[in-house]
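One structure is given here, and the rest of the page talks about it.
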Amino acid sequence: MPITSPPRPVMYDPRPPRVVRLLHARRRGLPPVVSAIAVTVSLIAHLLVALLAPAPAHAASQGSGFGSWAPVSRYGWHGSMLVEGVHTYCITPGAPAPTGPTTDLGVSATAAGLSPQQLAGINLLVTEYGQTDDPVTAAAVGWAVKAIADWDETLGAFGYPGDSLAGAIHWTMSALAPEHSAAVQRLALAYVDEARAATAPPAAIGSLVFTTDLVDPRGGSVRVEATVPSATGSLSLVNAVFADSGTSTRDGVVPGVDLAIIATPPAEGRPFTVSGTGRFSAPVGAAVRHFTTPGGQDTAGPGGDVAFEVNGADAAPRALSFAPTITTQVADRYVRGGSFVDDVTFHADEGTWPRAEDGSHLPVTARASIYLTDAEPAPGDSPPDAAPVATLTLTSDTATGPSGAYRVTSPEEMSEPGFYTAVWSIAGADQTAEVAGRTGADYRWSEAFGVRSQVTMVPAITTTALPVAVPGERLSDTVHVGHPLPADGLRVTSAVYRAVEGTPVEQTCVEENLVWQSEEVVVTHPGDHTVTSPPVEAAGTYYWQERALDAAGEVVHVGVCGVENETTRVIQPTPAAAARTPQLPATGADLDALRAPGAIAVALLAAGGAVLACRRSRFGAPLDIG
């Protein structure tokens, strides 16, 4: 609490404070001769300093405060000293006022032998509060700074016998400006508390930390690591630019923030290093601007910002290795046979696609082996031990490079039912010297076997329809499902359409000509599945068409409309033939009427059996599916 009691009577004492303390010491029991000698020596020293001091290195003058602006006075000077417009404050309490020549020692972290914590607190006070023209504030800062620098010397410098800073201030200020004593006390005590709470940060140093993107060595980041988090500065990069601006320099950078960069190699295809430098500044904590006055006080001004440099580089050179890969998609999941057709797209999973000196893309070669299996493979299965049944080779175009898909067709045909699976690979040994120099001669990338996008199935589905019928009879169609089947089976149906005069056969199997369609049958194993239509009354030609879907609803097989083995002819018997045929006793039917149709039926069935025998051959000539 500020001391506001009436001050004791004060009489002016022109003797320097140190002389006053010596006299007090004498009263405390020093021998009279020793006290007299000490007083004499002190007076002579101060007189010599005043007479022999050279011209000041800096023009120092009285700042803001209270008291006598003189080397020694009864109650001293309490406030700031101005040096080239900067308010400085005494940090060696008990010494004469710094009215003589003043030398600027610059920013110092060891001023007057003070600890880092003391300097941090003093710097805070002279920076935040001390640059003022208000005498009350300046006097409070002066008292607080001296108390932080030397508590005991500050209390007793002017003869105060107690141990209270407020008391010492009142002891002195009651003689200089009693109306301001309480205000100076209040502020000074608050300033001391704030200064003691100040922490001394470490020395301001820093460095640059670079990271490299593991997928693309051109990418990465740079981060400033500094002992002072509040520092700010600028960076300049070598062999890289900032990703968001495309420039190699940046201002307003702060520590601890990762900034994305894009490396810019000086020469394509050669290892290189990204580096950087920067200049930063930070508010000084444990340092002040130190001024000295021979024979007088040392004073402290604001420490200001401290500048420090940062630099750094990649931990290892960036090698823009090139790792080409591909993605693939078969043209059709289910086909009747023919060549294996695949759509291939190149990618650079690491680095960028290398280019020649003329800017064209360097070519990359990929190869595929095609395997035939009876069962549908699962992703990750091992390829069969049997040799591939076909191969594919693709070299990327120098103009197109990795842009767009390439369609590749095998020279061999898929002549047997089964699952045909392509497995693509890229080997460094298959590349040109320029490309192999980027991939490495031992580079190898390969697809996994059984990836769905790389499997084409040739189904084994044939059919046999009833070749001849008479009006009022039911028509039938038998679907022969051979091996293999998709893992989840097939959904099989068959439909019968009536031929229309003048309409091409291939255009007959449409909705408007539909006579009947069977219910869907789920087929999980090879075998024959016969469907029978309701009675058909009208004579004419009828075409059957079978259809098979997989479990997902994708079309596996559709029969060809109008093929002979899927054609049923409904024929009206002639009246003459019916009259010559005797009636059967049991049924009343005419035997002659049955002979001709029976003969025709036997002949047609025999022919149908021959056709079926040919159609059900699994291997050999390409299938005439339908």
Side-chain angles (χ1 to χ4, degrees), residues 86 106-111 116-117 119-129 131 194 197-268 270-290 300-321 350-352:
V86 177
V107 176
S108 171
T110 59
Q117 201 285 326
L119 290 171
I122 291 172
N123 185 36
L124 170 66
L125 297 184
V126 301
T127 301
E128 294 294 326
Y129 308 109
Q131 303 308 300
E194 187 173 353
T199 57
I205 57 175
S207 62
L208 295 183
V209 177
F210 287 90
T211 64
T212 301
D213 192 309
L214 297 178
V215 176
D216 183 0
R218 291 179 187 270
S221 66
V222 61
R223 181 180 67 256
V224 177
E225 291 188 348
T227 56
V228 184
S230 58
T232 59
S234 60
L235 291 181
S236 179
L237 303 178
V238 177
N239 293 334
V241 296
F242 293 99
D244 58 356
S245 66
T247 62
S248 61
T249 59
R250 168 160 292 191
D251 296 326
V253 180
V254 296
V257 177
D258 288 317
L259 302 172
I261 62 172
I262 299 174
T264 54
E268 185 72 38
R270 297 180 183 178
F272 66 100
T273 298
V274 173
S275 61
T277 58
R279 184 170 180 81
F280 280 70
S281 63
V284 175
V288 296
R289 189 173 177 183
H290 188 195
D305 290 346
V306 61
F308 62 98
E309 306 249 336
V310 297
N311 60 73
D314 284 333
R318 297 179 185 234
L320 293 184
S321 57
E350 182 178 330
T352 56

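The model shown is predicted, which means the values in this text are computed figures rather than measured ones.
Note: Ser275 OG to Leu237 CG = 8.0 Å, rounded to the nearest 0.5 Å. Distance CZ/Arg318 to OG1/Thr273: 8.5 Å, rounded to 0.5 Å.
In this structure, Asp314 contributes its side chain and Val274 its backbone to a donor-acceptor pair below 3.5 Å. Within the 3.5 Å criterion, the main-chain N or O of Ser281 finds no donor-acceptor partner in the side chain of Asp305. The main-chain N or O of Val86 is never found under 3.5 Å from a side-chain atom of Gln131 such that the two would form a donor-acceptor pair.
In this structure, Arg218 and Pro265 approach most closely via the heavy-atom pair NH1-CD, 3.2 Å. In this structure, Leu119 and Ala287 approach most closely via the heavy-atom pair CB-N, 4.0 Å. What you find for Val306 and Ala204 is that their closest heavy atoms are CG1-CB, 3.7 Å. Minimum interatomic distance between Asp251 and Ser234 (heavy atoms only, all atoms of both residues): OD1-CB, 3.1 Å. Between Thr127 and Asn123, the shortest heavy-atom distance links the atoms OG1-O, 2.7 Å. Looking at every heavy atom in both residues, Ala231 comes nearest to Pro255 through O-CD, 3.1 Å.
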**OP:** Go through Thr227 and Phe308 one step at a time and tell me if the side chain to side chain contact (heavy atoms under 4.5 Å, CB included) criterion holds.
**Re:** CA-CA 11 Å; Thr227 56; Phe308 62 98; over 6 Å; no
Original post:
When you look at Val257 and Arg223, which way does the side chain to side chain contact (heavy atoms under 4.5 Å, CB included) test go after all the steps?
Top reply: CA-CA 6 Å; Val257 177; Arg223 181 180 67 256; 5.9 Å; no
Original post:
Are Phe242 and Leu235 close enough, and set up right, to give a side chain to side chain contact (heavy atoms under 4.5 Å, CB included), and what steps lead you there?
Top reply: CA-CA 10 Å; Phe242 293 99; Leu235 291 181; 4.2 Å; yes
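Under the rule for a side chain to side chain donor-acceptor pair (under 3.5 Å), the partners of Arg279 that lie at least two apart in sequence or sit in another chain are Glu309. Judged as a side chain to side chain contact (heavy atoms under 4.5 Å, CB included), and not counting sequence neighbours, Ala197 has no contacts. Looking at residues two or more places apart in sequence or on another chain, you find a side chain to side chain donor-acceptor pair (under 3.5 Å) between Thr211 and Ser221. When the ring-ring contact (aromatic ring centres under 6.0 Å, His included) test is applied to Tyr129, the partners found at least two apart in sequence or on another chain are Tyr191.
Checking each of Leu259, Thr232, Val310 against Val253 for a side chain to side chain contact (heavy atoms under 4.5 Å, CB included) leaves exactly one that passes, namely Leu259. When each of Val228, Val224, Ile205 is tested with Phe280 by the rule side chain to side chain contact (heavy atoms under 4.5 Å, CB included), just one qualifies, namely Val224.
Within the structure, no pair that satisfies the side-chain hydrogen bond (donor to acceptor under 3.5 Å, both in side chains) test touches residues 201-210, not counting sequence neighbours. Pairs engaging residues 240-250 under the side-chain hydrogen bond (donor to acceptor under 3.5 Å, both in side chains) rule: Asp244-Arg250, Ser245-Thr247 [sequence neighbours left out].
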